[in-house]
Each structure stands twice: as C-alpha cells, then as structure tokens.
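Below is one structure, written out as structure tokens, with a few remarks after it.
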Amino acid sequence: MEFAFTDEQAMIAETVQAFFRENATSERTRAAMEGDGIDRELWTSFCTELGLAGIGLPEDFGGAGLGMVEFAIVAEAAGSQVAALPLLGLATAAQAIAAGGTDEQKAEWLPRLVMGEAIASFQGIHGLDVSGNTLNGEVRFVPHGTAADVFVFIRKDGAWIVRKDQAGVSVTGHTTMDQTRPLATVTLANVEAEPLADAQAARDALHAGGWICLAAEALGGAQETLDRTVSYSMERVQFGRLIGSYQAYKHRLADMMVEIEQARSAVYWAACAVDEQAEEADLALHAAKSFAADTYFMCAGNMIQLHGGIGFTWEHDAHLFFKRARSILSMLGNGDWHREQVATLIMGEAA
Amino acid sequence: MKLGFSPEEEEFRAECADWLQGQMSGEFKDITGIPNLVSKIERRKEWEQQLAAHKWSCIGWPEEWGGRNATLAQQVIFAEEYARAGAPNRVNHIGVELAGPTILAFGSDEQKAKFLPGIASGTKIWCQGYSEPNAGSDLANVKTKARLEGGEWVVNGQKVWTSLAHYSDWIFVVARSEEGSKGPKGITFLMMDMDQPGIEVRPIRQMNGDAEFNETFFDDARCPEDSILGTPGDGWRVAMGLLSFERGVSTLGQQMQFRNELDAIIAAAKANGLVNDPVTRQKIAKAEIGLRLMRYGALRMLSNADTAKIDGAALTYKIQWATWRRDLGELAMDVLGQAGEIAEGDEYEWTMLPNMFLFGRSDTIYGGTNQIQRNLIAERGLGLPREPRGDK
Ligand SMILES: Cc1cc2nc3c(=O)[nH]c(=O)nc-3n(C[C@H](O)[C@H](O)[C@H](O)COP(=O)(O)OP(=O)(O)OC[C@H]3O[C@@H](n4cnc5c(N)ncnc54)[C@H](O)[C@@H]3O)c2cc1C
C-alpha cells in the first residue's frame with residue numbers, strides 16, 4: 001500500500017508550490033489578463049529555470065520523463081494560483097504529439113514546446129468539413145488560441161497538427177469570462193493539415209492529459225479558496241466574534257474540505273491509473289474530471305459568499321477562482337457527460 | 001505513489017480469498033450475506049470460533065494473543081476479501097475492533113491474558129457503554145457513577161443505545177468516579193461482566209423494526225478494582241484512544257459491503273428498465289464515483305497511517321462514507337419505487353435495500369453525527385475556533 005507521494009514527488013510538490021506562490025502573483029496574473037492571458041515571463045521561467053514543463057513527455061525529445069502523477073502535482077500548484085499559463089496545451093497537444101506523432105513531428109514540436117519557445121493548443125473538430133487532410137470551417141472555443149503557435153485538432157477518425165502561420169488559418173480572440181485562459185475561434189480555409197500517425201493514441205493521450213490537467217488545476221484552486229477563506233475568517237470580526245467561530249460558517253468550510261479530500265483522491269487515482277495503464281483508468285479519468293470540477297465550483301462559490309461584499313469586487317481574487325472553476329466545468333466535457341461515460345462503463349449503453 | 005498491492009500482498013489476498021470462499025460456500029453457507037447484526041446469532045458465534053481456530057479472527061494482533069502480526073496492508077486485504085466472500089458482519093465487532101485494540105494499547109499483561117483470548121475466539125461478545133440519556137455528542141457529560149467500595153467498583157446509572165448489549169458478555173463503561181468532577185476529568189474506563197444482577201438490559205426497537213440497541217441500567221453493578229484501563233479518573237484518554245480505532249482497517253471491508261449494495265441497485269435498475277433512464281444513470285454514476293473515491297481516500301489514509309500530522313483523508317472519512325451511504329439508501333428507493341415499500345412477508349422485516357434505506361438514517365448519527373464531524377473537521381483540520389459551551 002503506497003498510495004502516497006514518494007519522497008521525490010513530495011519534493012516536486014514543494015518546489016512547484018513555492019514557485020507559483022512566489023511568482024504567479026495576483027498582480028502579474030491581472031497584467032496577463034489585460035493581454036492574451038499568458039504571463040510570458042512566468043512561462044519562460046517555468047519552462048527554462050524550473051525545467052518542469054517536460055514532465056510526462058519523453059526524454060528523447062526534450063521531455064523530463066516521469067508521469068501523470070508528477071504532471072498533476074504541477075497542474076495542482078499552477079491551478080492553486082490561477083496562474084495565467086498555457087499549461088493545458090502541454091497536457092493536451094504535446095501529449096497527443098508525443099503519443100501519436102512520428103519521430104519527425106516529435107522532434108519538430110516537443111523540444112520547442114517544452115522550452116516555452118512555442119505555445120500549443122487543441123480542440124475537437126467534430127462538426128468540421130474534412131476531406132482527406134484538408135480542413136474547412138470554424139473551430140470554436142480554442143483555449144489560449146490567439147497565443148498558440150500550433151494546434152492539435154482531433155475527431156473520431158483523425159488527429160492533425162495545424163500551424164498558426166499556415167496558409168488559410170486565421171484566429172479571432174474573444175473577450176472571455178475567465179481571462180486567464182481566453183478562448184478563440186480558429187477559422188480554417190482549405191488548410192492542409194498534417195496528420196498525426198496514430199490518431200487513436202493521440203486522441204487518448206490528449207483526453208487523458210487534458211482531463212488530468214483540468215482536474216488537478218481544480219483541486220489546487222479549490223484548496224486555495226478554502227485556505228484563503230479560512231484565513232479571512234480568522235481576521236474578520238462581526239457581532240464581537242471572529243466570523244470563523246460561527247458554526248454555520250465553520251460547517252460550510254468543513255463541507256469544502258470533505259469535497260476537496262475526495263477530489264484529491266480522484267485526481268491522484270486517475271493520474272496513477274494512467275501511469276500504470278490500469279484497467280480502471282477510463283473510469284478514473286471521468287470521475288476525476290467531473291468530481292474535481294464540481295468541487296472547485298462549489299468551493300469558489302463559497303469563497304465569494306463567505307467573504308461578503310469584498311468577495312464580489314473586481315479587486316479581490318475570489319472571482320479569478322470562480323471564473324476558472326466555471327470554465328473548467330464546461331471544458332473537455334461537462335459533468336453530466338463524464339458521468340454518463342461512467343454509467344456506460346459500469347452498466348453498458350442506454351437502450 | 002502506487003494504486004495496487006505488491007505481489008506478496010496479492011499472494012496473501014489469494015490465500016485469504018481461498019479460505020473465506022471455501023467457508024462461505026461450504027460449512028457456513030447458511031450465514032452468507034446477512035444484512036444485520038443480530039439474526040442467526042448462535043451460528044455467527046460458531047463462525048467467530050471457526051475464524052479463531054484458523055487464526056483469521058484478529059490478524060493484526062500479536063501472535064501471542066491469537067493474531068498473525070499482520071501488516072496494515074494485509075489487514076486491509078483480509079477485510080476486503082472477508083466482505084467479498086459474503087461473510088456476515090462480525091457479531092463481535094465491538095470486541096474485535098474496539099475493546100481488543102484498546103486492551104492491547106492500555107492493558108496490563110494480566111488484563112491481556114484475561115480478555116484477549118475470549119475476544120479472539122468469539123466466545124466473549126462485547127458492547128460499548130458510552131452514550132447516556134444526557135451524554136450523546138457531548139460524551140464528556142456522562143453521569144453514570146462509579147465508586148470504590150471494599151476492593152470493588154460499584155456502578156450506578158444508565159447507558160443508552162448500547163448495540164448488542166442483549167447478546168454481550170462484557171461491556172466497557174465510561175463512568176464518573178470523582179464526585180463533583182465535570183467534563184473529561186474524573187472519568188474511569190471500566191470493563192464489566194454483563195452476567196450479574198446489577199445490570200439490566202432492555203432492548204429498544206429501531207425505526208427499521210430491528211432491535212439491535214438497548215438501554216442498559218446499572219444498579220450497584222460491580223467489577224473488581226483492577227478491571228479498568230488506565231488509572232482511576234484518567235478514563236477519558238482511554239475512551240478517546242478507543243475512538244481512534246473506530247476508523248481503522250475495517251473501512252475497506254465495509255466498502256466491499258457498500259459495493260454489494262450498489263451492485264444490487266444496479267441489478268434492480270436493469271430488471272425494471274430504469275437503467276436506461278438518463279437521470280437514474282447520473283445518480284448511479286455519482287454513487288459509483290463516490291464509492292471509488294472512498295476506496296482511494298481510505299488507501300491514502302492507510303498509506304499515511306504512520307505519519308504524525310493530521311491527515312485530511314482520515315479526518316473527513318466518517319462524514320464521507322456516512323453521507324454516501326445515506327444517499328445510497330435514497331437511490332435504492334428511487335430505483336425500487338413502490339415495490340421497495342412492501343415487505344416480503346408478514347413481519348415488519350426488510351430485505352437488503354429497503355433496510356439500508358432505513359438504517360442509513362443512523363449512519364449519519366452513530367460514531368459522531370455529521371454535525372459533530374463538521375465541528376471536528378473545522379476545529380482540528382482547519383484550526384477554526386472551538387464551539388463555545390453553554391455551561392461554563
Ligand atoms: C444505530 C445506533 C447504534 C449505536 N450504538 C451505540 C453503542 O453501541 N454504544 C454507545 O455508547 N452509543 C451508541 N450509539 C449512540 C450514538 O453514539 C449517539 O446517538 C450519538 O453520539 C449522538 O448522540 P445523541 O443521540 O445523544 O444525540 P445528540 O447529541 O442529542 O444530538 C442531537 C442533534 O443535535 C446535534 N448536535 C449536538 N451537539 C451539537 C453541536 N455541538 N453542534 C451542532 N450540532 C450538534 C446532533 O448532530 C444531532 O443532530 C448508537 C446510535 C445509533 C443510532
């Protein structure tokens with residue numbers, strides 16, 4: 001029985017938590033929110049100084065080896081500060097290229113992505129007009145789309161790499177509720193996309209990486225909303241008492257902790273299951289994404305309520321968590337969809 | 001970080017499963033899958049003795065007391081296989097899981113020699129005399145009195161909700177031994193023989209129709225001066241030590257039982273077609289996810305068992321499983337519909353799922369109510385101010 005961090009994992013956790021706490025400050029995140037939602041300086045130092053961007057990617061192509069558990073540790077720490085970073089692109093597009101790309105494709109993209117010299121994004125293109133490798137149409141909701149240099153697009157029968165600077169590609173950014181990960185529409189006009197050799201492997205890796213990244217971000221964010229609300233409740237006095245001494249208040253915080261502890265089990269169960277290629281990996285991934293997202297949203301909502309008026313201001317960070325939580329709920333399949341996948345895994349398709 | 005168990009541990013699992021399944025499909029077939037604590041009690045005592053004869057009764061205990069010195073992982077594995085084989089709830093679970101470990105931790109060698117063999121062999125059933133009419137959540141408010149008289153403790157007062165007292169040979173009692181003391185001070189932890197004129201047990205019928213718990217009256221009940229754990233007046237420490245055993249390795253075995261219950265709901269949904277209803281599918285998926293997370297929460301807590309720091313998984317475990325199980329009972333009735341509201345025979349007796357629906361209302365009460373759990377989580381886990389008392 002070793003369902004606990006190894007010493008090395010505990011050390012990575014300590015390092016990344018300190019890194020994001022120190023560097024992904026509210027001030028810097030807010031500056032990034034004014035632009036394309038990326039704190040470039042932070043991303044560069046994360047990729048080059050910390051050297052953790054390659055976690056979960058093959059060492060032959062500039063990666064750092066290790067697995068999804070370590071990736072989840074990083075994403076949890078980044079999520080805890082709502083860091084404005086294109087981490088999800090590494091979890092999805094880079095994973096897809098690593099799993100389904102040819103050696104040339106890996107050599108072309110992975111080292112640059114890991115070093116932060118290129119930014120990746122992704123999306124499903126189920127409704128798009130595809131003939132051979134020629135793509136036509138609009139791809140909506142592409143996270144960090146305006147900043148991305150390369151996209152991985154997937155659908156049931158294929159997976160492709162598209163470069164932003166290719167003929168026929170145009171990107172329109174949108175004012176997005178979560179400004180730390182703004183969405184864009186990518187318009188493709190007769191774009192000759194580059195197919196990934198093993199589309200199935202690419203898709204699976206993209207989903208697994210994406211779900212784990214979002215679930216781990218959600219876990220980190222949820223824990224942070226709890227910690228910050230606990231701190232506030234030990235400063236703020238009303239009716240002559242600390243607000244944290246009122247039972248209705250305490251119980252709400254306790255409920256947050258109960259959900260967060262389950263979310264923590266979910267995230268690391270899923271990450272471990274993927275690393276071990278366990279039979280239950282699919283079930284674990286759907287469970288983790290849906291449960292952690294719900295937990296984050298519940299906690300972030302509570303954070304606002306339990307701060308009172310200050311929690312509703314732009315100046316306070318509560319809304320950063322709340323908006324990130326809302327965006328995670330919908331991204332890469334909502335809770336109902338993931339639970340339906342769980343239902344299918346245990347009971348078969350509905351008739 | 002790893003999900004599974006080592007090859008040696010899996011070998012141990014096979015050994016456990018082999019023996020347990022052999023028993024439950026053979027000699028003890030008649031007591032597989034019993035949903036409650038009290039039916040077929042004589043056969044269940046025989047089962048306890050069979051476990052002991054093969055050294056499977058208390059595997060975590062030292063070998064000299066009938067155990068196997070099993071590791072935590074082995075205990076977890078045994079508990080899982082025990083439930084998987086459909087073996088009945090341990091009729092002496094209070095002895096095996098609470099009294100035994102407490103005696104091992106706080107008892108003298110003579111006390112160990114006196115009590116442990118009877119617990120391990122299932123010949124002495126134990127019950128827990130904590131709650132009183134005015135001391136439930138506020139256990140430190142116990143009023144039952146113990147005084148020393150001629151080398152014996154003489155006990156007067158009343159306990160309530162004492163599970164299995166009507167079948168028990170021994171009871172452990174927290175009683176106030178210092179006149180005028182208040183709260184956790186001045187309490188003594190006594191071990192008393194139930195077979196004496198000074199103790200009277202009256203069963204209380206529960207809302208599910210069963211009568212597993214009782215009122216227990218003490219009227220000059222007696223035990224020898226040395227039949228206590230800890231020192232006189234220092235019983236609170238022992239009582240609290242005991243509660244920490246309540247969230248031990250049995251949790252994973254309990255989860256196998258939950259698994260069986262959820263599987264029964266899925267089977268019922270398949271039988272009546274609700275398996276195709278999207279809302280029911282969502283609810284079942286939620287229950288499935290909750291159960292899996294409970295498993296990995298328990299594995300986290302057990303993997304961290306030897307670290308001193310407060311473990312969030314351990315602290316939140318009780319409210320988590322209790323709430324999950326209560327909700328599972330509600331899901332069972334949603335799936336069964338009105339069919340779940342009709343008993344099988346003439347008696348007010350319920351099969352597994354309706355019984356679970358009713359019994360689920362107690363899961364969130366005994367062993368610390370959900371509200372008390374939230375207080376504990378907030379105070380111990382989050383460091384928030386303690387609840388004010390009204391009587392200070
Ligand atoms: C099936 C079953 C088996 C049991 N078996 C045993 C046994 O074998 N031995 C034994 O000693 N006991 C046993 N109990 C008793 C059990 O431990 C108590 O019922 C439990 O501790 C609650 O105490 P109470 O019933 O006095 O409720 P109370 O403490 O009176 O609580 C009533 C309500 O008030 C709430 N409340 C109380 N204090 C607070 C607070 N500070 N903050 C917020 N809310 C609060 C509670 O949550 C509850 O909702 C059993 C109970 C059940 C249901």
Side-chain angles (χ1 to χ4, degrees), chain A residues 1-6 9 69 226-227 229-230 233-234 241-242 244-247 249-266 268-269 271-273 275-276 278 280 283-284 286-288 290-291 335-336 338-351, chain B residues 1-6 9 71-73 76-77 266 269-270 273 275-278 280-286 288-290 292-305 307 312-313 315-317 319-320 323 370-371 373-379 381-388:
Chain A
M1 239 169 20
E2 296 167 48
F3 194 51
F5 285 162
T6 61
Q9 288 163 343
V69 170
L226 175 59
D227 293 347
T229 310
V230 166
S233 80
M234 297 297 280
R241 279 166 64 180
L242 287 172
S245 71
Y246 291 106
Q247 192 177 71
Y249 198 110
K250 282 164 73 174
H251 281 192
R252 220 147 144 168
L253 292 173
D255 285 340
M256 289 162 73
M257 180 163 172
V258 172
E259 296 304 303
I260 289 167
E261 287 302 326
Q262 292 178 80
R264 190 176 306 286
S265 300
Y268 289 100
W269 167 39
C272 244
D275 284 342
E276 295 179 19
E280 58 187 22
L283 204 158
H286 295 302
S290 57
F291 195 94
D336 288 347
H338 282 285
R339 281 186 291 272
E340 175 54 34
Q341 307 312 304
V342 169
T344 301
L345 285 168
I346 60 176
M347 301 186 289
E349 302 263 355
Chain B
M1 187 168 232
K2 281 202 202 95
L3 291 182
F5 293 86
S6 71
E9 287 162 350
T71 62
L72 206 53
V76 164
I77 288 167
I266 293 173
K270 283 184 174 163
V275 70
N276 297 316
D277 166 49
T280 303
R281 290 170 72 81
Q282 286 288 317
K283 291 186 195 169
I284 291 177
K286 263 194 181 159
E288 178 78 34
I289 291 170
R292 303 288 185 130
L293 299 189
M294 223 185 289
R295 178 181 163 80
Y296 288 101
L299 286 176
R300 273 173 57 214
M301 133 181 136
L302 294 166
S303 299
N304 285 324
T307 57
L315 199 57
T316 53
Y317 191 73
I319 193 172
Q320 184 188 335
T323 308
N370 273 18
Q371 289 70 40
Q373 297 302 324
R374 290 189 180 95
N375 285 348
L376 291 173
I377 293 165
E379 291 166 18
L382 301 174
L384 292 162
R386 303 195 49 159
E387 289 295 305

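Everything numeric in this text was worked out from a predicted model, so none of it was measured. The figures that follow rest on heavy atoms only: side chains count, while hydrogens, waters and symmetry mates do not.
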- Message: Walk me through whether A:F3 and A:Y268 qualify under ring pair (Phe, Tyr, Trp, His ring centres under 6.0 Å).
- Response: CA-CA 9 Å; A:F3 194 51; A:Y268 289 100; 7.9 Å; no
Max heavy-atom pairs within cutoff under 4.5 Å with chain A, candidates B:T323, B:L376, B:L299, B:T71, goes to B:L299
Taking the side chain as every heavy atom from C-beta outward, state whether A:M234 and B:P385 have any atom pair closer than 4.5 Å. yes
Answer key: most heavy-atom pairs under 4.5 Å with chain A among B:M294, B:E9, B:Q371 is B:Q371
Bottom line for A:A288: the part with an atom under 4.5 Å from chain B's heavy atoms is neither
Looking only at B:D277, B:I377, B:I77, most heavy-atom pairs under 4.5 Å shared with chain A are made by B:I377
B:L384 vs A:V230 side-chain heavy atoms within contact, under 4.5 Å
yes
Original post:
Within the side chain of A:E276, is there an N or O that forms a donor-acceptor pair under 3.5 Å with the backbone of B:L3?
Top reply: yes
Pair count under 4.5 Å, heavy atoms only, with chain B: among A:S245, A:S233, A:G335, highest is A:S245
Contact between A:F291 and A:E259 at the side-chain level, heavy atoms closer than 4.5 Å - yes or no?
yes
Scored by heavy-atom pairs under 4.5 Å with chain B, the best of A:A284, A:A350, A:A254, A:A271 is A:A350
request  = Answer whether the closest heavy-atom distance between the side chains of B:R374 and A:Q247 falls below 4.5 Å.
outcome  = no
Checklist entry - Taking A:S265 for the side chain and A:E261 for the main chain, is one N or O donor matched with an acceptor at less than 3.5 Å? => result yes
Whatever's closer than 4.5 Å to a heavy atom in chain B on A:L345 counts as neither
So, the part of A:I260 with a heavy atom under 4.5 Å from chain B: the answer is neither
Hits for salt bridge (charged side-chain N to carboxylate O under 4.0 Å, His left out) against A:R252, two or more places apart or cross-chain, chain-then-number order -> none
One option among A:D275, A:T6, A:L253 has the most heavy-atom pairs under 4.5 Å with chain B, and it is A:L253
Worksheet item: Stepwise, does the side chain to side chain contact (heavy atoms under 4.5 Å, CB included) test hold for B:F5 with B:V76?
Response: CA-CA 10 Å; B:F5 293 86; B:V76 164; 4.1 Å; yes
The side-chain contact (heavy atoms from CB on, under 4.5 Å) partners of A:A4 (sequence neighbours excluded) come to B:S303, B:N304
With chain B, the option among A:S290, A:C272, A:A287, A:A266 that has the most non-hydrogen atom pairs under 4.5 Å is A:C272
Whatever's closer than 4.5 Å to a heavy atom in chain A on B:Q282 counts as both
Under 4.5 Å to a heavy atom of chain B? For A:Q9 that would be side chain
Looking only at B:R295, B:E379, B:Q373, most heavy-atom pairs under 4.5 Å shared with chain A are made by B:E379
Cut-off 4.5 Å, heavy atoms of chain A, and the answer for B:E288 is side chain
The interface call for B:N370 against chain A, heavy-atom contacts under 4.5 Å, is neither
Counting heavy-atom pairs under 4.5 angstrom with chain B, the leader among A:I346, A:T344, A:V69 is A:I346
